[in-house]
Amino acid sequence: MKMARTIAELQAARPSGEIGLVPTMGAYHAGHVALFEAARAENDAVVASLFVNPAQFAEGEDFALYPRDRERDSCIAAESGVDVLFAPDASELYPSGYQTWVDVEELSRPLEGAFRPGHFRAVATVCLKLFNLVRPARAYFGQKDAQQVAVVGRLVRDLHLPLELHVVPTVRDDDGLALSSRNVFLSADERERALALPRALAARDRSLLDGLDVDYFEEADLDGMHVLAAAVRVGSTRLIDNVPLEGDPR
Ligand code: AMP
């Protein structure tokens, strides 16, 4: 596996043939590996990006604390068949004078958008930049972040981007908790309490979240993707999850 720290290194390392792109923020777990493996199976080469995008964290969110371990991540990526890991510094993607943003207006507003203003504008922008830099045939995203899938899907259609979006089902621990890089912040007791999130979604029963700090527990039609989505805070950790609802084509 080649590591590219700059756009110039990425261009030099860019594989030939059809590329599957997996955008990530690192701190890899089996959810990321499922995306790498799907990309490996369906493309000539796999490029993953590892970038904790400062623009998508609001003031007071966990940007500084977000787990980072590039050594461990590059081992996991290499073992999972990634050919090029693009891990730029923020100054590489947002040099001084940077001022261009892409806004997927309506889909960015509800759910996460209501609690994380500006989040999806930053997600859409960094994804468009990665698509332009890597020029993938296919890009891979997790169902865990359903609204992100909808926003990026709309971006691809609205701007006629020449790539396909592939969505990988949410990978969960044996107890049902969706894998997330943020789960490492949970104490044993918090982790136990966090299990109410997948249970409430599976049972379609908000009352199972009683005692947790609930940002939302809502059915949503995200551009034709019908989900029950929720966000809760357990201690200082914010967790999101969703389940596709009946009638959803996937
Ligand atoms: P992140 O590094 O958290 O930004 O996630 C990178 C990609 O992995 C996103 O497309 C996520 O939706 C996806 N992902 C994160 N957690 C999971 C999971 N538990 N199952 C499947 N995909 C996931």
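In each ligand, atom 1 is the first atom listed, and ligand 1 is the first ligand listed. Keep in mind that what you see is a predicted model, and the values were worked out from it rather than measured.
The aromatic ring centres of Trp101 and Phe120 sit 6.0 Å or more apart.
Exactly one residue among Leu50, Leu179, Leu35 makes a side chain to side chain contact (heavy atoms under 4.5 Å, CB included) with Tyr28. That residue is Leu50. Of the candidates Asp215, Asp62, Asp213, Arg238 forms a side-chain hydrogen bond (donor to acceptor under 3.5 Å, both in side chains) with just one, namely Asp215.
Seen from the ring of Tyr94, Lys129 counts as a face-on cation partner, given the 6.0 Å and 45° thresholds.
Under the 30°/60° scheme for interplanar angles, the aromatic rings of Phe141 and Phe131 are found to stand perpendicular.
Protein residues having a heavy atom under 4.0 Å from any atom of ligand 1 are Pro23, Thr24, Met25, Gly26, His29, Gly31, His32, Leu35, Tyr66, Phe141, Gly142, Lys144, Asp145, Gln148, Pro169, Thr170, Val171, Leu179, listed by chain and number.
Side-chain contact annotation: Tyr140 with Glu42, donor-acceptor N/O pair under 3.5 Å present.
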